[in-house]
Amino acid sequence: MNKSTLPLPPPVFLLIGVVAVSFSSILIKWSEAPASILGMYRLLFTVLLFLPFLPWREMKILFKNSTLKEWLMLAVSGVFLGLHFLFWMESFSHTTVASAMILTALEPVFVVIGAYFLFKEKTSKVGIISILIAVSGSVIIASGDIGVSKTALYGDLLSVLGTVAVSVHMLAGQELCRKMPSIIYSFAVFLIGGLVLFVYNICICTNVSLIQYDIKDWWIFLLLALIPNIFGHALFNWLLKYVDATTISMAILGEPIGAIILAYFLLGEMTTVSQLVGGMIVMISVMIFLKYKAAELEKVTALQEKSNIS
């Protein structure tokens, strides 16, 4: 961790990022625009905000020297980011902020499962047990929503699909993030994801308008790009230069807690017993999993350094 080049301690920036992404669900709930429109403008407005800060010369060289595989991985990452916003944002129209947000904490679980099948990365018994416990927590949340309505359960399913989509986005882009600056990678995948939703809105979801929205909705489109994307996700990408990925993953687990608190005060949404119990199980199990993965990574790094010395 390189703290000397940061103007403030890393926890300050992590707190800013967590608070910023926690506002995402609130802004979505405040808008009456369809999820596909919200996701499209959130991504495309972020692209516009990135434009003045892009290293154009470096981008030209980087894209010119990229291989076909890297272009395909970039496309997959962007497409699934767009699908993530489509499914996840739509889930808020059917279920509560608490259920939708807690289920997104399953992202590390899906990433590990995907890494096993795609990259043959094995997980220990501790990791498997923590995954099973996390899944049981999500089942408790879903079972509670069954008692509420089938619509709430459908919202839970959309949230899970959105989490699977963002996991594919992460897996496809993990190597690319090591080869290019975070702002270039973020710009590219946000642009691709936004264009995917644009095509969806004009070719598939043809009953929605692209421009006929209240001024309140346009402000929400801009705020979604500025607050959770720029001051949240982009800030986390920038912090990867100074803070390890596991620390950031642990911090992002605070998003559901922040979103639930904001939903209580700003939306008047109450949290049910099943959401509290299931949410605690999911959060604790994922925290155990991430801590174990961090310890496992430290052991591997230590062995590699020892091998290099010898």
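Everything quoted here is computed from the prediction, not taken from an experiment.
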Locate the shortest heavy-atom distance separating [X] from [Y]; write the atom from each residue and the value.
X	Y	value
T46	A225	OG1-CB, 3.2 Å
F50	S186	CE1-CB, 3.9 Å
V196	V79	CG2-CG2, 3.8 Å
C205	V208	O-CG2, 3.1 Å
G193	L43	C-CD1, 3.4 Å
L86	S36	CD1-CB, 3.7 Å

Taking the side chain from [X] and the backbone from [Y], do they hold a donor-acceptor pair closer than 3.5 Å?
X	Y	value
E90	L158	no
S159	G155	no
K216	E32	no
S22	V18	yes
S136	I133	yes

Where does the angle between the aromatic ring planes of [X] and [Y] fall among parallel (under 30°), tilted (30 to 60°) and perpendicular (over 60°)?
X	Y	value
H84	W88	parallel
Y41	F221	parallel
Y213	W218	perpendicular

- Task: Carefully, step by step, assess L224 and N229 under the rule side-chain contact (heavy atoms from CB on, under 4.5 Å).
- Result: CA-CA 7 Å; L224 280 169; N229 274 15; over 6 Å; no
- Task: Go through the steps to decide whether M89 and R42 satisfy the test side-chain contact (heavy atoms from CB on, under 4.5 Å), and finish with yes or no.
- Result: CA-CA 11 Å; M89 286 182 161; R42 173 176 178 170; 3.4 Å; yes
With a 4.5 Å heavy-atom cut-off, do [X] and [Y] have their side chains touching?
X	Y	answer
F85	V166	no
I37	L210	yes
P181	L62	yes
V160	F110	yes
L171	V76	no
L266	W30	yes
V21	F236	yes

So does [X] have more than 12 non-hydrogen atoms from other groups sitting under 6.0 Å from [atom1]?
X	atom1	answer
M170	CE	no
F190	CZ	yes
F23	CZ	no

Same cluster or not: are [X] and [Y] linked, directly or through other Ile, Leu, Val, Met, Phe, Trp or Tyr residues, by side-chain heavy atoms under 4.5 angstrom apart?
X	Y	value
W56	M180	yes
I61	F63	no
L68	L176	no
L235	L14	yes
Y200	I202	yes

Spacing of [atom1] belonging to [X] relative to [atom2] belonging to [Y], to within rounding of 0.5 Å:
X	Y	atom1	atom2	answer
M40	L195	CE	CG	10.0 Å
L83	L197	CG	CG	7.5 Å
F187	I192	CZ	CD1	10.0 Å
L27	L262	CG	CG	9.5 Å
S91	I28	OG	CD1	7.5 Å
H233	I227	NE2	CD1	12.0 Å

- Message: side-chain contact (heavy atoms from CB on, under 4.5 Å) for T95 and Y154? Distances and angles first, verdict last.
- Response: CA-CA 8 Å; T95 191; Y154 176 64; over 6 Å; no
